[in-house]
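In what follows, chains carry the letters A, B, and so on, assigned in the order in which the sequence lines appear, proteins first and then strands, with residues in each chain numbered from 1.
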Number of protein chains: 2
Amino acid sequence: MSVEHIQQATDAFRVFLKRKDLKVTRQREILLRRIFQREEHFTVETLEEHVKGDGISRATIYRTLQLMRECGLIEEVDLGDGRRYYEHVFGHAPHDHLVCIDCNKVFEVPVGDISDLRKRIAQRLGFSPVGHSLRIEVRCEELRKHGVCNREAIKVL
Amino acid sequence: MSVEHIQQATDAFRVFLKRKDLKVTRQREILLRRIFQREEHFTVETLEEHVKGDGISRATIYRTLQLMRECGLIEEVDLGDGRRYYEHVFGHAPHDHLVCIDCNKVFEVPVGDISDLRKRIAQRLGFSPVGHSLRIEVRCEELRKHGVCNREAIKVL
DNA sequence: GTGGCTGCAAAGGATTTGCACTAAC
DNA sequence: GTTAGTGCAAATCCTTTGCAGCCAC
């Protein structure tokens, strides 16, 4: 994650907070930095790991993630295992997820053609699309045949 | 839901159970019938409502839904509110969901073009697709402009 | 100083699990 | 009869909330 993107996110969050008469606190700044420094996909649990030692409670993590979502800095991701995953939005192109149900690896694919598709689908019903979440489930052929999968996940959780 | 589809589902479930040396119980048969008779989208909670009086515990519902999922009779649906929804698979064409973030109505749209798309995406990475989940978020223009939405949801939860 | 923020611990809600009893085969 | 299934209640997991003290502004 580039320094500029972290800065961009930090600024956006500060502006958002000010506009809502909310405060820029130590905890909020640290969480934002950690999220944009280290992680692509994360859960509350992994994030808590990564701020261990910074003295930030889980309650604050939940509350802060909520704010960042409202601010549009992070998004919820459905990876199909029931857990709540997030990813930050700056610094990587929008993408969808391909999840292997054999080896559980997660691959990211550019949104590409789905943009047109979702627009067509929404317009057919008279709506304007504002977002989408697409998860494609796949199986490794290698795994099925030889019991191993050598394919590297583009992003491993 | 047509009688033939209920029969088809019942048979499939029985075969599945036998093959795994599991038992065809009163509870499993009732749950299957209720699911295929009445509901398109449902949660454990609504299902529990619909078998009230049949003496089936919540634990059994959870355990049975798990089996039906393995059997391929029902699927989990992501409607984006964190709750776990299911839908049965027989008797209606595969479809995706379009969720209005203004009025919370849910519309179903035929899978159509996404089949090709997901195949292309999966094959680009060397996988075979086995399923997908697509949720498109939209806003009602009417609601935004006039504070009301007269559009009928194709399937309301 | 004021009003929002935080940590803590308790509460909530959904789902899972251990166990003794019951039912399917 | 044997083996799995069920109901119940307890346990677990994740998330939210109430409150007293703390910190940004």
Side-chain angles (χ1 to χ4, degrees), chain A residues 10-11 13-35 41-71 74-86 157, chain B residues 10-11 13-35 41-71 74-86 157:
Chain A
T10 306
D11 292 345
F13 200 32
R14 284 181 186 158
V15 167
F16 170 84
L17 292 172
K18 298 252 154 103
R19 196 180 317 144
K20 295 200 129 197
D21 282 312
L22 303 177
K23 290 170 181 170
V24 177
T25 63
R26 185 181 65 83
Q27 289 86 337
R28 288 175 180 167
E29 298 260 296
I30 290 176
L31 283 169
L32 185 138
R33 228 173 307 127
R34 289 282 185 280
I35 288 171
H41 297 123
F42 61 96
T43 61
V44 168
E45 203 189 347
T46 66
L47 184 54
E48 198 179 19
E49 269 298 306
H50 290 167
V51 296
K52 184 180 290 185
D54 293 313
I56 300 180
S57 74
R58 189 171 309 177
T60 295
I61 294 179
Y62 277 107
R63 290 186 276 229
T64 304
L65 290 180
Q66 192 50 48
L67 285 173
M68 291 185 185
R69 239 157 74 83
E70 285 172 31
C71 178
I74 63 174
E75 278 177 5
E76 247 188 75
V77 180
D78 170 36
L79 294 181
D81 69 353
R83 245 183 288 245
R84 201 171 284 186
Y85 290 90
Y86 300 90
L157 291 180
Chain B
T10 306
D11 291 344
F13 199 34
R14 284 180 186 160
V15 168
F16 169 84
L17 291 171
K18 297 252 156 101
R19 196 180 316 143
K20 295 199 130 200
D21 282 313
L22 302 177
K23 288 168 183 171
V24 177
T25 64
R26 186 181 64 84
Q27 289 86 337
R28 288 175 181 167
E29 299 258 296
I30 290 176
L31 284 169
L32 185 137
R33 229 172 307 128
R34 289 283 185 279
I35 288 171
H41 297 126
F42 61 96
T43 60
V44 168
E45 204 189 345
T46 66
L47 184 55
E48 198 178 18
E49 268 299 305
H50 289 167
V51 296
K52 187 180 288 185
D54 292 314
I56 301 181
S57 72
R58 189 171 308 177
T60 295
I61 294 179
Y62 278 106
R63 290 186 277 230
T64 303
L65 290 180
Q66 192 50 49
L67 285 173
M68 289 185 186
R69 238 157 74 82
E70 285 171 34
C71 179
I74 63 175
E75 278 177 10
E76 246 190 77
V77 179
D78 171 36
L79 295 181
D81 69 353
R83 246 183 289 243
R84 202 172 282 184
Y85 290 90
Y86 298 91
L157 291 180

Expressed in angstrom and rounded to an integer, what is the separation of [X] atom [atom1] from [N] atom [atom2]?
| X | N | atom1 | atom2 | value |
| --- | --- | --- | --- | --- |
| B:R83 | C:dG13 | CZ | P | 12 Å |
| B:L65 | C:dT15 | CG | P | 10 Å |
| A:M68 | C:dC5 | CE | P | 13 Å |
| A:R84 | C:dG13 | CZ | C1' | 12 Å |
| B:E45 | C:dA14 | CD | C1' | 10 Å |
| A:D54 | C:dT6 | CG | P | 14 Å |
| A:R26 | C:dC5 | CZ | C1' | 11 Å |
| A:E29 | C:dC5 | CD | C1' | 14 Å |

Practice task
Return the minimal non-hydrogen interatomic distance between A:V51 and A:L31, and the atom names on each side.
Solution key: CG1-CD2, 3.9 Å
Handout entry: For B:E48 against B:I61, the heavy-atom pair lying closest together
Key = CA-CD1, 3.8 Å
Practice task
Classify the nucleic acid contact of A:R63 as base, sugar-phosphate or nothing, counting any heavy atom under 4.0 Å across all strands shown.
Solution key: base
Contact under 4.0 Å: [X] side-chain N or O vs [N] OP1/OP2:
| X | N | result |
| --- | --- | --- |
| B:Y62 | C:dT16 | no |
| A:R58 | C:dA9 | no |
| B:Q27 | C:dA24 | no |
| A:T60 | C:dC5 | no |

Problem - Contacts of A:R26 that satisfy salt bridge (Lys or Arg N to Asp or Glu O under 4.0 Å) - sequence neighbours left out - result: none
Exercise for the section: Enter the distance from A:R34:CZ to A:D54:CG here, rounded to the nearest 0.5 Å. Expected result: 4.5 Å
Completion exercise
Interatomic distance, CE@B:M68 vs CD@B:Q66, rounded to 0.5 Å, equals 11.5 Å
Handout entry: First-last contacting nucleotides on DNA chain D - partner chain A, under 4.0 angstrom, heavy atom
Key = D:dC14 to D:dC25
Exercise for the section: Using a cut-off of 6.0 Å, state whether more than 12 heavy atoms not belonging to B:E45 lie near its atom CD. Expected result: no
Practice task
Would you mind telling me which residue lines up with the more 5' stretch of DNA chain D, A:K23 or B:A59, judged by nearest nucleotide?
Solution key: B:A59
Handout entry: Expected output: side-chain B:R28 to main-chain B:K23 donor-acceptor under 3.5 Å
Key = yes
Completion exercise
On DNA chain C, more 5' by nearest nucleotide between B:Q66 and B:T25 is B:Q66
